[in-house]
Amino acid sequence: MRSIDWLQLALYVGAVALITKPMGLYLVRVLDANGKTWLDPIFKPLERLTYGLMGVTSDKEQDWKQYTFAMLLFSLVSCLFTYGILRLQHLLPLNPQAFGAVSPDLAFNTATSFTTNTNWQSYTGEATMSYLSQMVALVIHNFASAAVGIAIGAALVRGIARHSSQTLGNFWVDLVRTTYYLLLPISVVFAVFLVSQGMIQNFKPYTKAKLTEPFTIQVAKTDEKGQPVTTNVVLMVQAPRLDDKGQPVMTNGAAMMVDVPKLDDKGQPAMTNMPVMVDQKVEEQAIAQGPVASQVAIKMLGTNGGGFMNANAAHPFENPTPLSNFIQMLSIFAIGSGLTYYLGRMVKNQAHGWSVWAAMMALFLAGVLLCWHSEAVGNPIHQRLGVAAAGGNMEGKEVRFGIFNSALFATVTTDASCGAVNSMHDSFTALGGFVPLFNIQLGEIIIGGVGAGLYGMLVFVVLAVFIAGLMVGRTPEYLGKKIQSYDVKMAMLALLVLAVSILGFAAWASVSQWGLAGLNNNGPHGLSEILYAFSSANGNNGSAFAGLSANTPWYNTTIGLAMLIGRFLMIIPIMAMAGSLGRKKISPPSAGTFPVAGFTFVVLLLGTVLLVGALNFLPGLTLGPIVEHFVTGQGKLY
């Protein structure tokens, strides 16, 4: 943990703090239907034209049900649009590599992924998607899903700020203004910056490079129709190796494991279909090209995370320099951080906005320090064997970024619901991998996705105020509004939806053949891979413990459903709570009113997040990364 890394951490936190106020002030203008911005001469005519084409009356506001229905309708139509493009990709232009149609289950998974701002990718981008699919089917969602999240966050803030009001704004106005005045211009400037750093932006066919040292790989054999040829093989599991006396063979205090056939209920070996593998000689390398910078800009600013390349921000074409790495991390937090200032300005209590920001940053710093320390310490097994630590655990990390920048990026991308990665989280140490998994399971409320982080944290704010009211024996109040049973029920419903879906899908996969077949690791690390996948899907993050082979019909379908649940079944009760808060009258503060700013409030909010949000997942985390941490210390790897 070098001094230069501490300096960079301080620089990053300082930069986030510096951009929070100007971003928040600009958001106040953008999210006001009549707000004035310096971009009005450019976008105002386009805004009016868009309303005319959509048949939208910009000064007509909607109640929470109308607002939510408009959001769901827009999301459904855009999801079907993307699904259609992916299925017809082979017939559409801008496909110089002649990629075929995306399979139905993968198209469903991808369409729901980008619609929900998750950007989970069960495919290799440069080997699956045409330029048209990347630019139209996917990048459009990078703008639209980010705008939807910001709109929902703004609607909830209006519900808190207004009183005796039936309306929360107009979804179509928020969608259009956020896209035109915020996401589009910033993305253009950011893309130009990224090109200046060496990121590619073109429509060229992939470059073919002749290898000086050809090599042979194994690939799946296909039939005349291009379908994989499979064969039945015995499903293997690991069991302790036994000596001549039937006792487990021990090494370094742990049982030596060997592969043995898995038996079915009748005691017969369980069979599974596996692809037939054949040798293929590789004599040339295809170097991917394409419109990368334009996609990366909005994937970061909109906390989308889906990469043009499979390696995402670890690829030099997506993250060429240390400066591009730093600015990409900063852009992930930029809008979410500014929304906390927007909250304070809208409710006329700026100290409250800064207190919410302080709670988020406290959780962020705790995660960074734990992840950084765990990766810097490295693998204890290597240390006992006398293997050089190379400054820590460098497995799965870019040498040009090193330990600190990998740990910082991993924490930032999972604090926000971004999911972009510049290192492989599956290769982190047990506690290093615990941090991104825990961040996601908190509900992506540490700055969080654009809009989603704010409305997720405000759910905890309502619960914290409710708990404070119970402790002092008074009716809970939040900014002059009484928090009643309906509000608490909606807040808890939003949290329970997340927990039930994550744990339910993960439990199902961990005991099902389709779930276990995708594992490349067993034991607690295998459980962590499954738990991470469904946490990432429900949390709309999109990053993965990539040892899990998830491009199968079962995983594509269940993860797709989890993404829909985590996005929309959480938004609906939050919007109901926003409508309830907006209808309430404001009561003047009294001596017993709990202050929602300052150190005491921050501590209470942090306690609520950790106790209410995290305890749901403690058993799963214990069986996964926590157990793995202790057994790794005993010399056992998975």
Side-chain angles (χ1 to χ4, degrees), residues 78 81-102 106-107 110-111 113-115 117-121 123-147 179-180 182-209 285-321 323-325 327-328 331-332 418-422 542:
S78 59
F81 172 76
T82 294
Y83 180 85
I85 289 180
L86 298 180
R87 294 289 292 133
L88 299 173
Q89 171 179 268
H90 60 299
L91 303 175
L92 298 172
L94 290 177
N95 187 7
Q97 302 306 118
F99 291 137
V102 179
L106 181 57
T110 305
S113 174
F114 280 76
T115 300
N117 198 245
T118 307
N119 290 35
W120 172 275
Q121 295 174 288
Y123 59 89
T124 301
E126 63 268 36
T128 307
M129 299 294 175
S130 70
Y131 293 164
L132 183 75
S133 294
Q134 294 270 23
M135 291 192 307
V136 178
L138 305 185
V139 172
I140 281 180
H141 276 297
N142 285 352
F143 285 94
S145 64
T179 303
Y180 287 170
L182 177 67
L183 298 176
L184 188 58
I186 297 180
S187 295
V188 170
V189 173
F190 192 21
V192 171
F193 163 78
L194 293 173
V195 170
S196 75
Q197 294 298 297
M199 194 173 294
I200 62 172
Q201 178 73 19
N202 60 56
F203 293 96
K204 297 178 181 178
Y206 289 7
T207 303
K208 299 288 187 180
Q285 177 186 2
I287 301 176
Q289 302 291 333
V292 176
S294 57
Q295 179 163 324
V296 170
I298 185 57
K299 90 168 185 182
M300 295 302 190
L301 286 165
T303 60
N304 298 280
F308 193 97
M309 309 292 183
N310 187 48
N312 209 288
H315 196 291
F317 282 0
E318 286 204 32
N319 198 0
T321 67
L323 181 59
S324 72
N325 186 68
I327 299 300
Q328 285 187 53
S331 66
I332 294 173
C418 185
V421 296
N422 74 349

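Fair warning: this is a prediction, and the values are worked out from it, not measured in the lab.
Remark: the backbone N or O of Asn304 is not paired with any side-chain donor or acceptor of Asn142 at under 3.5 angstrom. Remark: side-chain polar atoms of Gln89 are paired, donor with acceptor, to backbone N or O of Thr128 under 3.5 angstrom. The main-chain N or O of Ala313 is found under 3.5 Å from a side-chain atom of Asn319 such that the two form a donor-acceptor pair. Judged by distance alone, with hydrogens and angles left aside, the side-chain atoms of Asn202 form a donor-acceptor pair with the main-chain N or O of Lys204 at under 3.5 Å. A donor-acceptor contact shorter than 3.5 Å is absent between the side chain of Ser133 and the backbone of Met129. A donor-acceptor pair is defined here as one N or O able to donate and one able to accept, closer than 3.5 Å; no such pair exists between the side chain of His141 and the backbone of Asn117. Side chain of Thr82 to main chain of Ser78: a donor-acceptor pair is present (N/O by atom type, distance under 3.5 Å, no hydrogens or angles).
The aromatic rings of Tyr131 and Tyr206 sit tilted, their planes meeting at an angle between 30° and 60°. Relative ring orientation between Phe193 and Phe190 is described as parallel, the plane-to-plane angle staying below 30° on a 0-90° scale split at 30° and 60°.
Here Ser196 contributes atom OG and Leu323 contributes atom CG; the two are 8.0 Å apart, rounded to the nearest 0.5 Å. The CG atom of Leu132 lies 5.5 Å from the CG atom of Leu94; values are rounded to the nearest 0.5 Å. Going from atom CZ of Phe308 over to atom CG of Leu138 covers 10.0 Å, rounded to the nearest 0.5 Å. Within the model, atoms CG of Leu92 and CD1 of Ile85 stand 7.0 Å from one another, a figure rounded to the nearest 0.5 Å.
Looking only at atom types and distance, the side chain of Gln121 has no donor-acceptor partner in the side chain of Thr110 under 3.5 Å away. Using a 3.5 Å distance cut-off with no hydrogens or angles, the side chains of Asn119 and Ser113 do not pair a donor with an acceptor.
The shortest non-hydrogen separation linking Met309 to Glu126 is CA-OE1, 3.2 Å. Across all non-hydrogen atoms, the minimal contact from Ala191 to Ala297 is N-CB, 3.8 Å. Scanning all heavy atoms of the two residues, the minimum distance from Arg87 to Val102 falls at NH1-O, 2.7 Å.
Using a 4.5 Å heavy-atom threshold, the side chains of Ser130 and Gln97 count as separate.
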